[in-house]
Amino acid sequence: MRSNSSNIRVRFAPSPTGYLHIGGARTALFNWLYARKLGGVFVLRIEDTDIQRSTQESIDAIIDNIRWLGLDWDEGPILQSQRFHAYGGYAERLVREGKAYISEEKKGAKPAVILKRTSDLIVVDDLIHGRVEFDPEVVGDLVLMKSDGTPTYNFACVVDDSEMCITHIIRGDDHLSNTPKQLVLYRALGLTPPQFAHVPLILGPDGSRLSKRHGATAVGQFREEGILPEALVNFLALLGWSPGDNREMMTLEHLVASFSLERVSKKSAVFDAKKLAWLNMQYFKLRPTAEIARMALPYLEEFGVLPEEIPLPRLEAVVRLLGERFRNLRELAEKAHYFFTRTVRIDDTLFEKHLQKENAAAAIREVTGRMRALEEFTPESLEREMRAVIAERGVKAGELIQPVRVAVTGRTETPGIFETMALLGKEAVLARLEDALGRCGKRAAQGENG
RNA sequence: GGCGCCAUCGUCUAGUCUGGUCUAGGACGCCGGGUUCUCAACCCGGUAACUGGGGUUCAAAUCCCCAUGGCGCUACCA
């Protein structure tokens, strides 16, 4: 546990009924930033009172992803299910004091404990929204303990937050309507409520609350795509908050230094995947090549390249050559895998367009010959030979380079062709050029016969 | 339906509290140009917003009211 200079205590309390969501991650981040900024304590509490839907797998995944984001906690994880004993006493006390009553016996089930309604105006003093008033009638009678003997969410939440001495509850806007219920509970229990800060929701591009139908929404999915944690954290921080000085790229340290609840927006924010992609690219620029190469290894597998067929130094050279041509690791693998395969596949339309053109075969045949004679297979020597052929035939550079690019890589967009071929190596380049020439010949023969 | 929250470029936002310096700034995206063997990256340029209507005021993106719209909550789920 780290030393704390304030008595601020915040918590992140996910319910383990699924994976860690983008919205949850941002709530966790804001809580963490607040605690770290003010020297407070960050508590991780797992709200697993819904035993039907809560799973251990989900708990593990949530914890794993919080760590991956670079966040840590000072206390917990505390499982609510381990605290079932704590709630009954409070409920009994409220009954004893005449503030709650026991529901009518339903056959076969235990009676529920229900808090009687109050008539006092309920005022939420929200750190982000300011003063919000609620008619106590919207709360009505409140179930505390359900017929199955477990506490309701709002009751467990209040008891836990109080016992854990939580001073600030930072959570999603969707809970603002829950707050009057909790306030009523604090009042009934004679407890001082914590400060509330309701942060805006994260929306999908269509303006409705972000959900699965908008595509990737779980932290784990972004992780799998090859999004860097620092990029995701940075992006999330900018959703509903800004430093106010036009800064875009910020590390966790920067965020801690400049974070404040006063600068959190009231307006919900639309998740912009393109901006995330851009940020991710920016962060890739800051990562050492060797590190990126190591991270890319498993992604190459998805393209049928076995990790043992990938010498790390060679992969590093590929990553270096790729430069800024990828926005996530999956994209990197997609643009790198042809460096590791024996042959390339060129689909018909591509072949048609670039290799069936007038004189393409003849030109390729000529460069192939020149390359075969090359002692040194370097970007310089390759460029020299290619340029010679280009000059000789009086064509534009692209007219030779594009067909060669397609023949050698199977795609129209690659890093510089000379560097690409040099890295591919003489043997592979010649083999691929000859494959292409063979296919040209076959096509030509077919054309003549048919 | 009831209750609540919110409202600046397509998007994230600065500016609103403490009216004038805002002919509204930055970023992503998009469009155009440069560079160039393609694609990126990079550099230059451009596009584009104060939801509407009433007030208050010498002055309103900023304060007030109403309307409209969007979202959220309306469980013995969390």
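Convention: sequence-line order gives letters A, B, ...; per-chain numbering from 1.
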Should [N] form a Watson-Crick or G-U wobble pair with both distances under 3.5 Å, which nucleotide is its partner?
N: B:G20; value: B:C58
N: B:G1; value: B:U74
N: B:C42; value: B:G34
N: B:G10; value: B:C28
N: B:U51; value: B:A67

Base versus backbone protein contacts along nucleotides 64-71 of chain B [heavy-atom cut-off under 4.0 Å; B, S, -]: -------S
If the sugar-phosphate is the primed atoms plus P, OP1 and OP2 and the base is the rest, what is the B/S/- string for nucleotides 19-34 of chain B, using protein heavy atoms under 4.0 Å? ------BBBBS-----
Would you kindly give the [atom1]-to-[atom2] distance between [X] and [N], to the nearest whole Å?
X: A:Asp126; N: B:G72; atom1: CG; atom2: C1'; result: 14 Å
X: A:Met145; N: B:A75; atom1: CE; atom2: C1'; result: 17 Å
X: A:Arg247; N: B:C12; atom1: CZ; atom2: C1'; result: 16 Å
X: A:Leu279; N: B:U13; atom1: CG; atom2: P; result: 13 Å
X: A:Leu142; N: B:U74; atom1: CG; atom2: C1'; result: 13 Å
X: A:Leu350; N: B:U38; atom1: CG; atom2: P; result: 16 Å
X: A:Arg263; N: B:U13; atom1: CZ; atom2: C1'; result: 10 Å
X: A:Glu399; N: B:U38; atom1: CD; atom2: P; result: 12 Å

Near RNA chain B, counting only heavy atoms under 4.0 Å, which residues of residues 403-418 of chain A show up? A:Arg405, A:Thr412, A:Glu413, A:Thr414, A:Pro415, A:Gly416, A:Ile417, A:Phe418
In residues 170-188 of chain A, what residues come within less than 4.0 Å of RNA chain B, judged by heavy atoms? A:Asp174, A:His175, A:Leu176, A:Ser177, A:Asn178
Within less than 4.0 Å of OP1 or OP2 of [N], is there a side-chain N or O belonging to [X]?
X: A:His198; N: B:C5; result: no
X: A:Arg131; N: B:C17; result: no
X: A:Ser242; N: B:A14; result: yes

[X], [atom1]: over 12 other non-hydrogen atoms inside 6.0 angstrom:
X: A:Tyr19; atom1: OH; answer: no
X: A:Glu133; atom1: CD; answer: yes
X: A:Glu392; atom1: CD; answer: yes

Any heavy-atom pair between the side chains of A:Ser81 and A:Thr150 that's under 4.5 Å? no
Any side-chain heavy atom of A:Ile166 sitting closer than 4.5 Å to one from A:Val10? no
Per [X] side chain, nearest of listed nucleotides [options]:
X: A:Lys285; options: B:A78, B:C3, B:A41; result: B:A41
X: A:Ala269; options: B:A78, B:U13, B:C6; result: B:U13
X: A:Val270; options: B:A78, B:C76, B:U11; result: B:U11
X: A:Ser103; options: B:C76, B:A41, B:C37; result: B:C76

Closest non-hydrogen atom pair between A:Lys110 and A:Asp148, with its separation: NZ-O, 4.2 Å
On a heavy-atom basis, the closest approach of A:His129 and A:Asp173 is NE2-OD1, 2.8 Å
Between A:Asn178 and A:Tyr153, does any side-chain donor sit less than 3.5 Å from a side-chain acceptor? no
Flag for A:Asp126-A:His198: side-chain donor and acceptor within less than 3.5 Å: yes
So side chain to side chain donor-acceptor pair (under 3.5 Å) across residues 264-288 of chain A, not counting sequence neighbours, yields A:Glu230-A:Arg287, A:Asn234-A:Tyr283, A:Glu248-A:Lys275, A:Arg287-A:Glu291
Touch check for [X], heavy atoms < 4.0 angstrom, all strands: base, sugar-phosphate only, or nothing?
X: A:Ser54; result: nothing
X: A:Gln52; result: nothing
X: A:Ala112; result: base
X: A:Met281; result: sugar-phosphate
X: A:Lys335; result: nothing

When the nearest nucleotide of RNA chain B is assigned to A:Phe134 and to A:Leu239 on a heavy-atom basis, which residue is associated with the more 5' position? A:Phe134
Name the residue closer to the 5' end of RNA chain B, choosing between A:Arg53 and A:Glu133 according to the nucleotide with the nearest heavy atom. A:Glu133
Check side-chain contact (heavy atoms from CB on, under 4.5 Å) between A:Arg53 and all other residues, then give those that pass, not counting sequence neighbours. A:Thr17, A:Asp50
Donor-acceptor contact below 3.5 Å, side chain A:Glu97 vs main chain A:Leu94: no
Would you check if the distance from the ring center of A:Tyr34 to the ring center of A:Phe42 is below 6.0 Å? no
Using the ring centroid of each side chain, check whether A:Phe12 and A:Trp32 are separated by less than 6.0 Å. no
Apply salt bridge (charged side-chain N to carboxylate O under 4.0 Å, His left out) to the pair A:Asp64 and A:Arg223, showing each step before the final yes or no. CA-CA 11 Å; A:Asp64 187 42; A:Arg223 191 176 171 180; 3.0 Å; yes
Sidechain N-carboxylate O distance under 4.0 Å for A:Arg131, A:Asp125: no
Determine the Euclidean distance between corresponding [atom1] atoms of [M] and [N]; express it in Å to zero decimal places.
N: B:C12; M: B:A7; atom1: C1'; answer: 15 Å
N: B:A59; M: B:C22; atom1: C1'; answer: 13 Å
N: B:C37; M: B:C50; atom1: P; answer: 44 Å

Take A:Phe340 and A:Phe303, measure what ring pair (Phe, Tyr, Trp, His ring centres under 6.0 Å) needs, and give me the verdict at the end. CA-CA 10 Å; A:Phe340 303 95; A:Phe303 289 88; over 10 Å; no
